[in-house]
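The structure appears below as structure tokens.
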Amino acid sequence: MARVVVDVMLKPEILDPQGQAVQRALPRLGFEGIADVRQGKRFELEVEGPVDEAALARIHQAAETFLANTVIEDFVVRVEEGQ
Amino acid sequence: MARVVVDVMLKPEILDPQGQAVQRALPRLGFEGIADVRQGKRFELEVEGPVDEAALARIHQAAETFLANTVIEDFVVRVEEGQ
Amino acid sequence: MTLDTVKNATETPDVELPWAALGLKEDEYLKIREILGRRPTGAELAMYSVMWSEHCSYKSSKVHLRQFGEKAPQSDAMLVGIGENAGVVDVGQGYAVTFKIESHNHPSYVEPYQGAATGVGGIVRDIISMGARPVAVMDPLRFGAPDHPDTKRVLPGVVAGIGGYGNCLGLPNIGGEVVFDACYQGNPLVNALAVGVMKHEDIHLAKASGAGNKVVLYGARTGGDGIGGASILASETFEGGTPTKRPAVQVGDPFQEKLLIECTLEAFRAQLVVGIQDLGAAGLSCATSELASNGSGGMRCDLDDVPLRDATLTPEEILMSESQERMCAVVEPEKIDAFLAICEKWDVTATVIGEVTDGDRLEIFWHGEKIVDVDPRTVAHDGPVYERPYHRPSWQDALQADAPTAERLARPATGDELRAAVLQLVGSVNQADKSWITSQYDRFVLGNTVLAMPEDSGMIRVDESTNLGVAIATDGNGRYTKLDPYTGSQLALAEAYRNVAATGAKPLAVSDCLNFGSPEDPEVMWQFAEATRGLADGCLTLGTPVTGGNVSLYNQTGAEAIHPTPVVAVLGVIDDVTRRTPMAFAEEGQLVYLLGTTEDELGGSAWAQVAHDHLGGLPPKLDLDREKLLAEILIAASRDGMIDAAHDLSDGGLIQAAVESALKGGQGLRLIVPDGLDPFVFLFSESAGRAIVSVPRSEELRFTEMCGVRGLPATRIGVVDGDVVELQGQFTLPLAELREANTGVIEALLA
Amino acid sequence: MTARVGVVTFPGSLDDRDALRAVKLAGAEPVALWHRDTDLHQVDAVVLPGGFSYGDYLRAGAISRFSPVMETIIEQAKAGMPVLGICNGFQVLTESHLLPGAMLRNNHLHFVCKDQKLRVENNTTAWTSDYAQGQEIMIPLKNMDGRFTADRRTIDELEAEGRVVFRYLDGNPNGSIDDIAGITNAAGNVVGLMPHPEHAVEPLIGTGGTDGTGFFTSIIKRLVNA
Ligand SMILES: Nc1ncnc2c1ncn2[C@@H]1O[C@H](COP(=O)(O)OP(=O)(O)O)[C@@H](O)[C@H]1O
Ligand SMILES: [Mg+2]
């Protein structure tokens, strides 16, 4: 079984309070030098059968219509290496 | 500025209601052939200065103590390529 | 890998099993062997070990809890008593109410969000399994020192978990408690209460009767949650195979639970269920052994049919798994299709895993082999019972002797000092406004919330056409209970009782969660014995039976136990919720009366804690007959419209209650110290049996006459007026300044 | 004639019963609709209620939006049938693109439950005609993902066309753009808002006021006069 990962992140122009909360907390915890933090979602899909062009196209479509809300989010689909 | 990504996923033995809900929905939307879905978090950290061993070690520590809840989650730290 | 079948166990009597690692004592293990007449199989050992644990068998507390039954007051309201998943109380008009409080302390310390969330989930399933629709939840909480770094980890997680689960489940959160004290540092208390409503004829009990009836497991798939012990068993029984990692933490899925509620209630309505049991602690071990032992026959189950989330689970692990959001129903064969259809409608996985037999054994199979063959009663009911030794702590006398007298603790004397003391009190973390927490809880969902926090009790409308309602309050004061466990637990009862009456409801029944340290410490055991005795005696006098509850022991770190903390929930009924009494003083010109008697009682008080970090002396005295009288007056006054607001007095004393009522109503107060009372004592004493009320001038005579005739002291102490709280001749405090002190305190802690 | 107003129950809907009650109290005939229905049982209007449909997993409203009943509702709404989305229902409406924009996690990252003051900015929609333009009302708010957002061009368009129907007063509880609490489509038949009018239809319950009743009386008048 192959794993396909879909990363979904808020678009850069959308305020990300979760990322900001993390960023503000880091220095308090002693972690300096992080200029920005964004928090998004990672989906790991275990795909039955071969992960060919067609399969990837379908996953791309699922990401576009369902896993991400493209009004506010961008996404990236990739086959996980080393599987 | 370099980007370091921290992927945080529920440990495999932990129930993932979110991933499960997505998995159950996919066939209804006409996407077959996905055997399992897990949903996690993706943090994108913009790091000031060089991302050397020391910086990565610190981010690893931040991930371990703060970004992930290691009681229920695993995490992976990696430098984003192509930046 | 050899399967440890019953046959195998008979043939290999000398195989050593890891009973000690599963928490069994040697004599317990020997008793199991005696019961079975052979060594147990691994699966049988798994079942006995979880069911005979302290948590499930109440082995240390049982002998004390018996008093709740033995001393139970005669009450016509009790429909189902202690011993079922939750007690059931008749509230009239054909309605019955079930409620119960339970702890999820330790899991919430390990993983605050999930621990608290699954605490809510567990107690709600107890309510569903009685046949009731859950209508509200409450959450009495105790945290460590407010400024301790770990409190910043535990508190937000617990609150988010309770909210995250309850909000998603669609149950209004109508009350609870938040208390900080260093004694809870490593042992926060996360108690959760749920209440449900049904018609009398809908009451369901956990029993499996009728040979041939099917046993259905429905809800979430079974995973390896909370089965550390079983993994040991698996590895030791089956040499070589290291078990895969099993999660100690259970993750809740409130959405799944919402579906469980709807699906279960629909199946009840269609009369498809003979008996039902939720799966909580001890999972299938508990559900199968309890259903079978409460029914008339035996039961046979096939573990191969249990839907799994993790295919590598061993049968022992399946039996011990504490995966959440599961239920077990017993259904007649001709109704099984209809039952499964309802599950399908709600997208709930349901599987027949066995059936009721006409024998008297619980038999469990795996891959066609019998791995459990027991008398279910020996698992569910014949656990060990301990008479643990106990004695009065060596330090108790010294603690009680250290009374907060004026000589021992400096008291504010001038107007300025009193003013400063008031600000310090209302701004202290235990007295501060809790809305940072409570605004994270949905209090409106289901559309029947009449009163919710910060009112004295939560109130839910039960019937939309008649306006029948119920009110619930939970209380517990660990400081009082530490000073005197007998009186302390009665004070908790009295306070909850008073809170219910303050809203105009008549107290009917009690549920309790007894949070204590280690029962193996005779001094802790004494606290437990005393508190239980106090509660049972108190319930007898007040006429409110204990309908059920929960015990949480071992809340201690090293030798340091938490304050003994019995949390008591009182449920009351009100015939017409439109007559409910809120706490806000909102009408200018209304008269403020203090009901009850004030004495110099500051032992264990909030003032002693806030001003001097002191705990010593005796808690306030208690007069339960006076509590009853006060309640009767409050209920009558509400019913007959004589008062517009009422607020009970408890920790923080009169001034705390007065400030809360003033801030809630956005109206100031002018107060006068009654003759013969010291201003400090008037403001800060925590004498029990008191409340303040606001009385419309037109009702004053009628109200004071009623109090006079009934013999309840009622003292006019002021009037609702202006935008300051003023103590005549002493100080003036603008509402804005009080509000400033009283709010934002919890946010500031967590920042 | 009485208006038939449907209320959809998705798995995880929570305020569906309350919405049915509000419809009934206002004098219309409440009709329970099930997410698997493809047929709307001759209702004249539909309410998508609050709650956590599908646990709000993935995104609030994201999974329900694909239910069979939504296909029909989307079609009918485009043809002019009045639809009100409350809270989770609003989220479903944006996910299904019947309304523009999207809903994000509250900026303070907490669930918030409070009595919320609103201003009615548009009293010409199907669901707001019983309010005065500019009327201030108090109704409960309770959500985790209530921060309405859209790109600037969309917001400008909404503002220019008067399609912002409700605005938060006395403080923005979630960080929504321009204090927007609710919006409508161009035709005015589809309205979504985060606060819960169905919890403000009876004295004593919820806020203790009845400021939410106008939603339901508005729709009845509209349907009965139609
Ligand atoms: N402190 C207590 N007071 C009264 N009854 C109690 C108390 N603790 C436990 N019980 C009763 O003992 C029975 C077993 O408790 P418990 O194991 O918590 O129930 P369940 O099996 O439903 O989780 C229940 O009927 C419960 O109400
Ligand atoms: Mg139970």
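Each chain gets a letter, A, B and so on, in the order its sequence line appears, and its residues count up from 1. Note: hydrogens, waters and symmetry copies are ignored here, and every other heavy atom, side chains too, is used.
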Among residues 7-20 of chain A, which ones touch chain B with a heavy-atom distance under 4.5 Å?
A:Asp7, A:Met9
Does some side-chain heavy atom of B:Ile34 sit less than 4.5 Å from a side-chain heavy atom of A:Val47?
yes
Given side chains that start at C-beta, do those of A:Arg42 and B:Lys41 come closer than 4.5 Å, heavy atoms only?
no
Contact class of B:Leu45 relative to chain A, heavy atoms under 4.5 angstrom
both
Can you find a pair of side-chain heavy atoms, one from A:Val22 and one from B:Phe66, that are under 4.5 Å apart?
yes
Roughly how far, to the nearest 0.5 Å, is CG of A:Leu26 from CG of B:Leu67?
6.0 Å
Return yes if some donor-acceptor pair links the side-chain N/O of B:Arg58 with the main-chain N/O of A:Glu32 below 3.5 Å, else return no.
yes
Is it the backbone or the side chain of A:Phe43 that comes under 4.5 Å from a heavy atom of chain B, or both, or neither?
both
Would you mind telling me which of A:Leu29, A:Val6, A:Val37, A:Asp36 has the largest number of heavy-atom pairs within less than 4.5 Å of chain B?
A:Asp36
